[in-house]
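Quantities reported herein were computed from a predicted structural model and do not represent experimental measurements. Order of the sequence lines fixes the chain letters, A, B, ..., with proteins taken first and strands second; residue numbering starts at 1 for each chain.
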Amino acid sequence: MPVDNRFYAPDGALTLGTWADIAAAGLDSAYRDRPAPGVGSASRAAPGDVCFFEGDPRGAGDISPSAAGCFVTADAAPHLPETVPGLVTGQPRLAHGVAASRLIALRSICGQEGLIHPGARVHPGARLAPGVVLGAGAAVGEGTEVGAGSVIGPGVQIGRNGRIGHHVSIICALIGDHVSLSSGVRIGEAGFGVVPGEDGLADQPHFGRVILQDGVSIGANTTVDRGAFDDTVIGERTKIDNLCQIAHNVRIGRDTVIAAFGGISGSVEIGDGVRLGGRAGVADHVKIGNAASLAAAAGVFRDVPDGETWGGTPSRPMRQYMREQAWLSKQVRDRGKK
Amino acid sequence: MPVDNRFYAPDGALTLGTWADIAAAGLDSAYRDRPAPGVGSASRAAPGDVCFFEGDPRGAGDISPSAAGCFVTADAAPHLPETVPGLVTGQPRLAHGVAASRLIALRSICGQEGLIHPGARVHPGARLAPGVVLGAGAAVGEGTEVGAGSVIGPGVQIGRNGRIGHHVSIICALIGDHVSLSSGVRIGEAGFGVVPGEDGLADQPHFGRVILQDGVSIGANTTVDRGAFDDTVIGERTKIDNLCQIAHNVRIGRDTVIAAFGGISGSVEIGDGVRLGGRAGVADHVKIGNAASLAAAAGVFRDVPDGETWGGTPSRPMRQYMREQAWLSKQVRDRGKK
Amino acid sequence: MPVDNRFYAPDGALTLGTWADIAAAGLDSAYRDRPAPGVGSASRAAPGDVCFFEGDPRGAGDISPSAAGCFVTADAAPHLPETVPGLVTGQPRLAHGVAASRLIALRSICGQEGLIHPGARVHPGARLAPGVVLGAGAAVGEGTEVGAGSVIGPGVQIGRNGRIGHHVSIICALIGDHVSLSSGVRIGEAGFGVVPGEDGLADQPHFGRVILQDGVSIGANTTVDRGAFDDTVIGERTKIDNLCQIAHNVRIGRDTVIAAFGGISGSVEIGDGVRLGGRAGVADHVKIGNAASLAAAAGVFRDVPDGETWGGTPSRPMRQYMREQAWLSKQVRDRGKK
């Protein structure tokens, strides 16, 4: 996905040559002038996006043929789709991240004079509490209230009739109408991505966004991270309790309910009308089907089909889990009697 | 309970007729002028309170006979106590919530000019850090310190010798003496209540308060939600660690200790001198007796008697839980040897 | 450890006599003038430190012989090392805490005029967002950005090229270079220590610091408490996700990764290159060896050797845990077939 210029500032008109130079990566000179303003994942890169590939060299053939270019090791480069030029380097993921961090800046509120940037737009029917901070290009819609000290970062769009609590921070996000964010909510921070660097661990940069659709409610001190390259999306009227964690690239459907301490790991997909009990956790890349339910304290490591109820850690169908617990208790009780 | 006018502003002198009109609910005209300034739960509604009832129609007979009126379905209306007129509608809970939201506003700090409202009262012996925000009618007692940027909402009362950290927000709450709230604590946000609406899920409004008695301490980024109609109460000298969640209508006794990530669901009652290990969770409406202990990571779904120690998920007496774990380990170890 | 005067202000030149008088503790008059400006734990007290001892009286012989003095019961006093005078009292821990709280004050930002103290030092190459609060003696290094409304307490030192998010609070801490703290992070709050007082529970005061070494990253709304007497230390390039809790006196090595909801209890030691899955918890005083791994949702109550992978609650080697789960599932499935 091309980066959203409301939130990110590419360093001029980027070409593949720019990327190759800053990363000292090998590139067929025929492609140096190809425009490359964006970043994407290997599987979903769109035209203009630069991605990276690591793993079995032959897998390089499966990356998105739309990608503008791909950081890749020398042995994988020959397997890339014909349409995708390689940026050849020893550590593709690390090189991609370091280059992207240097070429595409997060728009920052640091250095801004005054709490409200003159380029922010606040509808006359919106109401701000004392101390609210608005960045350049931020917009707050009619009927929306923003609590004391909350920070609406550069380019963030908030719809109508929203209720934003105190000390909320929102960056890199598009917020619909009738959205409620309780105090202390964190929207749009970088996701948690760790990559081995030359001198130990390094953070992987994030260039995506958070999309909160109409009617979403989020409880106090909950965190919703922005996507790595794509978006983190929470669907209409989904309700999330206090102290939950929604990681990068998560996609949640409509009318889903997540109780306190819910933990949704990176790239998880959750359907419509799902119910998560308190402290339910879902491991990365797992899919939870429509109208499924997870019991309180469930720890889910496999996909849950539509309409099923799972529990336990690692989670299994609730009926099986309950029978196991009952059988185990009975064995020990019976032995105690003998 | 009648709403506390320090935190909520009823839209004029409410009568049952006002409620019926705004919700398009059926009401015997004889009761239109009955004063109805408050809201309450079906079981605890006090004089002046409007409540709602859903469920088996005959159960309507058990609601509080003091209620000023009750949203109810047509088939349950005949079962109401004689003293309680029905407000007849198809979806009582939803209609009650929508009407209450329109008729009773949460007093807001939005629109306030300046950080400190001229109607706030700060004892000369209190000390405020830079950026503190005080709403109308807020009060801070002698010897209390309030950290940078903290928000004390309209009507909130804080006693003497308190220690309030940075970026704390407190709304709809009464705070005793010698109370310590670490940075990032959230007191008084709306509880988590989801109700099926006409077009999907909707939030249930909350009209209660939070009461923190003398000597309570609460750790960083912990959240304590206000009650739906009644209060969330934390008793004297109870100590709560970082990142805990205390839901709406919870009642906790004195000298109780809750370690990090403790999760106390709605309407739970916890006694005096209770110990909760880290990450212990208690399901809604459960009662934990005096001097009981919950092991770290316990997930409690049933009442725990006074003085007992429980563990595991679902929790059971600790001795039983430990024997089960030991027996299970032994079975597998022994089989490994053969 | 002597208290760090950047964060704490002893009430003049403290001597053992000062401590004895304020606590009404017995002290051999020969020692009244001995300088006693600091506080320490019994096992690690350094010269100048006052500590306390409770427990089996003969154990008093094992306290640090460097301590300037030790609060102790009358029956344990004769067992103290010859070099350590006793401050004799009925409740040593409580008396020590109450006296220390009165004699050694936490430097506060309360009462400060203006957001930025004239005695704070901000490198010209640092960038501050609107609303940042800096205490006396706070320092922010070259290339570091500080987000809107964040609070850098008195004496806090932040190195170069750091990224501090919005609404972050940092007190009693020394922060290295290239450190990233996401929005809502809480560094340096008092740890969770509860001590039985005369009229119920009381909070134990904390006099230590937090040390974040170069390259540390910490996710949104995570909390890191300062040590009781010593420091809480997080090593180089260790990466911590959102909503984690790092308690007082914890020591974490380099290049360690802690996923969301990680809970590290007081005085835990974690090595280099360790991996903690989401919601892993470690009980107090436990040691996790270098390159060890804890599965998601693990609850660890015993030391984990170098390089091993553990899971479950209570945690055991992962292979044993997985075999137990599989065996249990099989018993119940097989019985269902009969």
A.B. asks: If I compare all heavy atoms of A:A120 with all of A:G135, which pair ends up nearest, and what's the gap?
C.D. replies: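 A:A120 and A:G135 have their closest heavy atoms at CB-O, 3.5 Å.
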A.B. asks: Identify the two heavy atoms, one from C:F192 and one from C:D225, that lie closest to each other, and give their separation to 0.1 Å.
C.D. replies: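 Scanning both residues completely, I find the closest heavy atoms to be N-OD2, 4.2 Å.
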A.B. asks: Tell me which of these, A:D199, A:I171, A:T222, has more heavy-atom pairs under 4.5 Å with chain C than the rest.
C.D. replies: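 Of A:D199, A:I171, A:T222, A:D199 has the most heavy-atom pairs under 4.5 Å with chain C.
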A.B. asks: Taking C:G184, C:A259, C:A295 one by one, which has the highest count of heavy-atom pairs under 4.5 Å against chain A?
C.D. replies: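 Greatest number of close heavy-atom pairs with chain A: C:G184.
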A.B. asks: Return the set of residues passing side chain to side chain contact (heavy atoms under 4.5 Å, CB included) with C:S182 (not counting sequence neighbours), or none when no residue passes.
C.D. replies: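 C:S182 satisfies side chain to side chain contact (heavy atoms under 4.5 Å, CB included) with A:E189, C:A220 only.
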A.B. asks: Heavy-atom pairs under 4.5 Å with chain A are the metric here; pick the option from C:E236, C:R254, C:H167 that has the most.
C.D. replies: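 Winner by heavy-atom pair count: C:H167.
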A.B. asks: Is there a side-chain contact between C:T223 and C:I246 (heavy atoms, below 4.5 Å)?
C.D. replies: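 They are not in side-chain contact.
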A.B. asks: With a 4.5 angstrom heavy-atom cut-off, which part of C:T313 approaches chain A: side chain, backbone, both or neither?
C.D. replies: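 Neither the backbone nor the side chain of C:T313 comes within 4.5 Å of chain A.
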A.B. asks: Under 6.0 Å from the six-membered ring centre of C:F261 and within 45° of its axis: does the NZ or CZ of C:R279 meet both?
C.D. replies: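 Geometry flag: set, cation within 6.0 Å and 45°.
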A.B. asks: Out of C:S217, C:G149, C:S180, C:A297, which one racks up the most heavy-atom pairs below 4.5 Å with chain A?
C.D. replies: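 Among the listed options, the one with the most contacts to chain A is C:S217.
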A.B. asks: So, do C:I211 and C:I175 sit near enough that their side-chain heavy atoms are less than 4.5 Å apart?
C.D. replies: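 C:I211 vs C:I175: side chains apart.
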A.B. asks: Identify which part of A:P314 has an atom lying under 4.5 Å from any heavy atom of chain C, answering side chain, backbone, both or neither.
C.D. replies: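 Contact with chain C involves both backbone and side-chain atoms of A:P314.
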A.B. asks: Given a strict heavy-atom distance threshold of 4.5 Å, which part of A:S150 is in contact with chain C: side chain, backbone, both, or neither?
C.D. replies: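 The backbone, not the side chain.
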A.B. asks: Under 4.5 Å heavy-atom distance to chain A, tell me which part of C:I164 shows up: side chain, backbone, both or neither.
C.D. replies: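 Neither part.
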A.B. asks: Given that the side chain runs from C-beta out, which part of C:L328 has a heavy atom under 4.5 Å from chain A: side chain, backbone, both or neither?
C.D. replies: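 For C:L328, the contact with chain A is made by backbone and side chain together.
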A.B. asks: Can you label the angle between the A:Y8 ring and the A:F207 ring as parallel, tilted or perpendicular, going by 30° and 60°?
C.D. replies: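 Ring orientation, 0 to 90° scale: tilted.
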A.B. asks: Looking at C:T238 and C:T256, what are the two nearest heavy atoms and their distance?
C.D. replies: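 Where C:T238 meets C:T256 most closely, the heavy atoms are OG1-N, 3.1 Å.
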A.B. asks: In terms of heavy-atom proximity below 4.5 Å to chain A, should C:R275 be classed as side chain, backbone, both, or neither?
C.D. replies: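 Side chain only.
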A.B. asks: Check each atom of C:V146 against the heavy atoms of chain A and say whether the ones under 4.5 Å are side chain, backbone, both or neither.
C.D. replies: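 For C:V146, backbone heavy atoms alone lie under 4.5 Å from chain A.
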A.B. asks: With side chains defined as the heavy atoms from C-beta onward, is the minimum distance between C:N221 and C:V185 less than 4.5 Å?
C.D. replies: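 The answer is no; the side chains never approach within 4.5 Å.
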A.B. asks: Out of A:G131, A:S108, A:G312, A:G299, return the one with the most heavy atom pairs under 4.5 angstrom to chain C.
C.D. replies: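 It is A:S108.
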A.B. asks: Tell me, out of C:G165, C:S329, C:G278, C:G311, who's got the most heavy-atom pairs with chain A below 4.5 Å.
C.D. replies: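 Winner by heavy-atom pair count: C:S329.
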A.B. asks: What option among A:V133, A:L115, A:D203 has the most heavy-atom pairs under 4.5 Å with chain C?
C.D. replies: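 Ranked by contacts with chain C, first place is A:D203.
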